[in-house]
Protein chains: 2
Amino acid sequence: MVDKRVRQTRIYEKVVDEIKALIASGSLRQGEPVPPERQLMEDLGVSRSSLREAFRVLELLGLIESIPGKGRFVRRGRGEEGGASDPRKLEDGAILELMEARRVLDPAIAAEAARKARSGDLTRLRRVLSATEGSMAVPKDRAQADFDFHLVLTEATQNFVFVNIVKMTFNLIMATHDRIYSLLSDKDAFLHEHQEIYEAILNHDGEGAARSSSRHIERIYRTLQEALALEGP
Amino acid sequence: MVDKRVRQTRIYEKVVDEIKALIASGSLRQGEPVPPERQLMEDLGVSRSSLREAFRVLELLGLIESIPGKGRFVRRGRGEEGGASDPRKLEDGAILELMEARRVLDPAIAAEAARKARSGDLTRLRRVLSATEGSMAVPKDRAQADFDFHLVLTEATQNFVFVNIVKMTFNLIMATHDRIYSLLSDKDAFLHEHQEIYEAILNHDGEGAARSSSRHIERIYRTLQEALALEGP
DNA sequence: AATCCCAATTGGTCGGACCAATTGGGCGGC
DNA sequence: GCCGCCCAATTGGTCCGACCAATTGGGATT
């Protein structure tokens, strides 16, 4: 009998969701302090350890900031200094921050990959491209395809720092902001742009790869910006 | 005199980088189990709590999988299944790779910081600069000063992805290669370049900040290249 | 030989303790 | 009365010890 057991939910995951819900509902507003650990233990009925593991995650997601001796604070969203912004904007802000980082990174990585790629890397890129042509219907598959392509691309740079960074950012995207790929529905554009990047790399054209990659991420960025603006209250 | 330390690195962050280094160096291979918590506590000399917070992060980054009752395992990356994963030692090559990543990142971060910095960020930058003027004698202090400056600079971008990236890459430097800073002895150049970046940010001059940052990192890159070449075989 | 059972191992959770940084209020000096 | 210093309370960071649940492997039983 195959073991179908689903992974049990850890307590810290529940806490993460509860805090995220508190932020989304407006109970915790941007810049405001989160109740201290010792009080939350009581309110949520969990131990301090679980609480702290949850906050480690929330920090990494860019939702919470911890300051020893002071407290934890809901991070301020983008730009909007003036008060009363939609609480929902916080997670949206995190998504846009992710994309802004990629606007810088992706073209540079593509250029470096074009310079450094070996034949084995090209083969693997080709394989990823053809493998994902048919499997981009569901948002989850699009996310996976995008991740696969960019990871293989990054590994072609043979720079472990880039690889670490890409793994990290994409995992952040896929772990918690899977909403992104339901907003990005144009699979043909995805495939075509990836193809374009691949061809530039095939020709060892660093500048071309950077340009294609830049167009790719700029389109995604604009699309997300518009989609998130539309969703507003 | 007050301790000028601007920021202390959390223990779990160091653990995260040590584990990442173990994976990158090939000491821990994909699919293989990570040593159990109770043994790692001893090996790394940290408490189980810090260890567990580190693994929460490594899980979120997709590097580790935890299975209760069994153990923790290095997750298989999607790009590199074909075996032959050339695990390189984290040595001189890694230093240069780190610097190549910074050649791309630092100017972009400086430019973004120039656009986004608020008065509080400028104050903190000034404080870091003046605090480190006198404390760059020992290599370890130079490393700390460089880290502090770049971290505060990055936090001025108010982009948590950049902050995460910088924390990780710099911690990687300091954990495994404080040797870098014994090769970089020109403390006046360091200070002057940091000062220059600061002034560009003060004027909200994105392009200027990027140029200064680029000069800074290029000098470091060249210096390291020469130093490592001299040390060579 | 096959099966069952139990003890050891491992991650998950809890509670308590202490440290370091920050903060705010009260006390003392002016 | 005002200013400044100091201390106690608060808060996150770290460590330690304990117990639970799931898994595993080997030995005892059948």
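Every chain is numbered from 1 and lettered A, B, ... according to where its sequence line falls, protein lines coming before strand lines.
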Look at A:Arg10 and C:dG11 and indicate whether a side-chain polar atom (N or O) is within less than 4.0 Å of OP1 or OP2. no
Contact class for B:Ser49 (heavy atom, under 4.0 Å): base, sugar-phosphate, or nothing? base
Among B:Val34, B:Val15, B:Leu60, which one satisfies side-chain contact (heavy atoms from CB on, under 4.5 Å) with B:Phe55? B:Val34
CZ of A:Arg52 versus C1' of C:dG15: gap in Å, rounded? 14 Å
Checking B:Ser212 side chain against B:Ala209 main chain: does a donor-acceptor pair fall under 3.5 Å? no
Give the rounded distance in Å between these two atoms: CD of B:Gln39 and P of C:dA8. 19 Å
Value in whole Å for how far the P atom of C:dC14 lies from CG of A:Leu44: 11 Å
Which nucleotide wins on minimum distance to the side chain of B:Arg48, given the candidates C:dT22, D:dA18, D:dG12? D:dA18
Would you mind reading off the distance between A:Leu51 atom CG and C:dT13 atom C1', rounded to a whole angstrom? 12 Å
Look at the side-chain N and O atoms of B:Ser50 and state whether any lies under 4.0 Å from the OP1 or OP2 oxygen of D:dC15. yes
Mapping B:Glu53 and A:Gly69 to their closest nucleotides on DNA chain D, which lands nearer the 5' end? A:Gly69
Looking only at the side chain of B:Ile11 (C-beta and beyond, no hydrogens), which of the listed nucleotides D:dG12, D:dC15, C:dC14 gets closest? D:dC15
Could you check which of D:dC15, C:dG15, C:dG11 has an atom nearest any side-chain atom of B:Ser66? C:dG11
Are B:Phe190 and B:His194 an aromatic pair, judged by ring center distance below 6.0 Å? yes
For the pair made of CD in B:Glu65 and P in C:dG12, what is the distance, rounded to whole Å? 11 Å
Under 4.0 Å between a side-chain N or O of A:Lys70 and OP1 or OP2 of C:dA21? no
Using the rule given for side chain to side chain contact (heavy atoms under 4.5 Å, CB included), can you reason through B:Asp121 versus B:Glu155, listing the C-alpha separation, both sets of side-chain angles and the distance that settles it, and then say yes or no? CA-CA 8 Å; B:Asp121 298 315; B:Glu155 282 172 341; 5.5 Å; no
More 5' along DNA chain D: B:Ser47 or B:Arg38, using each one's nearest nucleotide? B:Ser47
Taking the side chain of A:Pro68 as heavy atoms from C-beta outward, which of D:dG12, C:dG12, C:dC14 is closest to it? D:dG12
With B:Glu100, which residues qualify under salt bridge (charged side-chain N to carboxylate O under 4.0 Å, His left out), at least two apart? A:Lys116
Specify the separation, in whole Å, of atom CZ of A:Phe73 and atom C1' of C:dA21. 13 Å
5'-most contact on DNA chain C: A:Gly45 or B:Pro35, nearest heavy atom basis? B:Pro35
Integer-rounded Å distance: C:dC14 P and A:Glu37 CD: 14 Å
In whole angstroms, the gap separating P of D:dT10 from CE of A:Met41 amounts to 16 Å
By the 4.0 Å heavy-atom rule, please label B:Arg72 as base, sugar-phosphate, or nothing. sugar-phosphate
